[in-house]
Amino acid sequence: MAHVQADFWGGEGDQTAALWRAGVREWGPVHTSEFSGPREDWPINAALALLGVTSAGPGAPDYRDLFLVVGLGQGRDEEDWRRAALKAYDAADYDEWHAREQAEREPEERAAAERAVYERLPGIPVPLNGKEIITLLGLPQGRTTGAAIRHLQQLHIDRGPQSREEAEAALRVWAAQQGLAPRS
């Protein structure tokens, strides 16, 4: 069992953690208000590692922060953590709990990824606006126009700025790949 405590306001604060096994304190309490070192050394992350929690792996957001991996970042106070603990009470172990949490988040994450395909990236210019794309491809107003804009933005990121002619040619190819019948 671990006792963890975090107290932050406006980005400043401290953490304390201690760990017990079979009723005997094995580690801690460890306290810090200095967070310039590796996240693995922060008291709560260190206690979670001693309990056997492992990181989500490179590529996952904040994969070194076990505090977030186990869901402690989802709450703001002890009451939120208590509710999360009650929700996980029947899990046999961390792996079972984590798999259940992932399964619950998966549809939400999938929906967010699907929405992102249609959302414009801020600060990335495109040589054609929505009306021009609708006219070029013969599209009705809607999400497909957003996807076309997002495609042009990705081309800008991957290849650099595109001329109007390059953008039109790229959109015609993209529309064909999407199964859309673009206008000539």
Nearest 0.5 angstrom please: [X] [atom1] to [Y] [atom2], how far?
X: I157; Y: I124; atom1: CD1; atom2: CD1; value: 4.0 Å
X: I133; Y: L152; atom1: CD1; atom2: CG; value: 5.0 Å
X: T144; Y: I149; atom1: OG1; atom2: CD1; value: 11.0 Å
X: W42; Y: L66; atom1: CH2; atom2: CG; value: 11.0 Å
X: R100; Y: E104; atom1: CZ; atom2: CD; value: 7.5 Å
X: I134; Y: L139; atom1: CD1; atom2: CG; value: 7.0 Å

Any pair with a residue in residues 132-165 that passes ring-ring contact (aromatic ring centres under 6.0 Å, His included), sequence neighbours left out, goes on the list, sorted by first then second residue, please.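 Found H151-W174.
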Can you find a side-chain donor-acceptor pair between E34 and S36 that sits under 3.5 Å?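 Their side chains do contain a donor-acceptor pair, which is all the 3.5 Å distance test asks for.
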Considering all heavy atoms, the nearest [X]-[Y] contact:
X: A47; Y: W27; result: CB-CZ3, 3.6 Å
X: Q162; Y: L155; result: NE2-O, 4.1 Å
X: R25; Y: P29; result: NH1-CD, 3.7 Å

How would you list, by chain and number, every residue that makes a side-chain hydrogen bond (donor to acceptor under 3.5 Å, both in side chains) with R105, sequence neighbours excluded?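 Scan of R105 (side-chain hydrogen bond (donor to acceptor under 3.5 Å, both in side chains), adjacent residues dropped) gives Q102.
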Got a sec, which residues hit side-chain hydrogen bond (donor to acceptor under 3.5 Å, both in side chains) with E108, two or more places apart in sequence or on another chain?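 Scan of E108 (side-chain hydrogen bond (donor to acceptor under 3.5 Å, both in side chains), adjacent residues dropped) gives none.
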Is the number of heavy atoms from other residues, nucleotides or ligands under 6.0 Å of Q141 CD greater than 12?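 No, the 6.0 Å shell around CD holds no more than 12 heavy atoms from other groups.
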Give a yes or no on this: more than 12 heavy atoms of other residues, nucleotides or ligands lie within 6.0 Å of atom CD of E12.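 Result for CD/E12: open.
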Only pairs at least two apart or in different chains count here, so list each salt bridge (charged side-chain N to carboxylate O under 4.0 Å, His left out) that has a residue in residues 123-140.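 Listed by first then second residue: E132-R164.
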Listing request: all salt bridge (charged side-chain N to carboxylate O under 4.0 Å, His left out) pairs with a residue in residues 138-163, at least two apart in sequence or in separate chains.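 Checked against salt bridge (charged side-chain N to carboxylate O under 4.0 Å, His left out) - neighbours excluded - no pair reaches residues 138-163.
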Hey, is the main chain of D14 close enough, under 3.5 Å, to the side chain of D7 for a donor-acceptor pair?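 It does not hold such a pair.
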For the hydrophobic clusters of this structure (ILVMFWY residues joined by side-chain heavy atoms under 4.5 Å, transitively), does one cluster hold both L136 and V173?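 Looking at the clustering, V173 is in a separate group from L136.
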Is it true that F35 and V4 fall in one hydrophobic cluster, defined by side-chain heavy atoms closer than 4.5 Å?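 No, F35 and V4 fall in different hydrophobic clusters.
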For a quick test of your reading: what N or O donor-acceptor pairs under 3.5 Å do the side chains of residues 15-23 make, sequence neighbours left out?
residue	atom	partner	partner atom	Å
Q15	OE1	I44	N	3.2
T16	OG1	H31	ND1	2.6
R21	NE	E26	OE1	2.8
R21	NE	E26	OE2	3.0
R21	NH2	L50	O	2.4

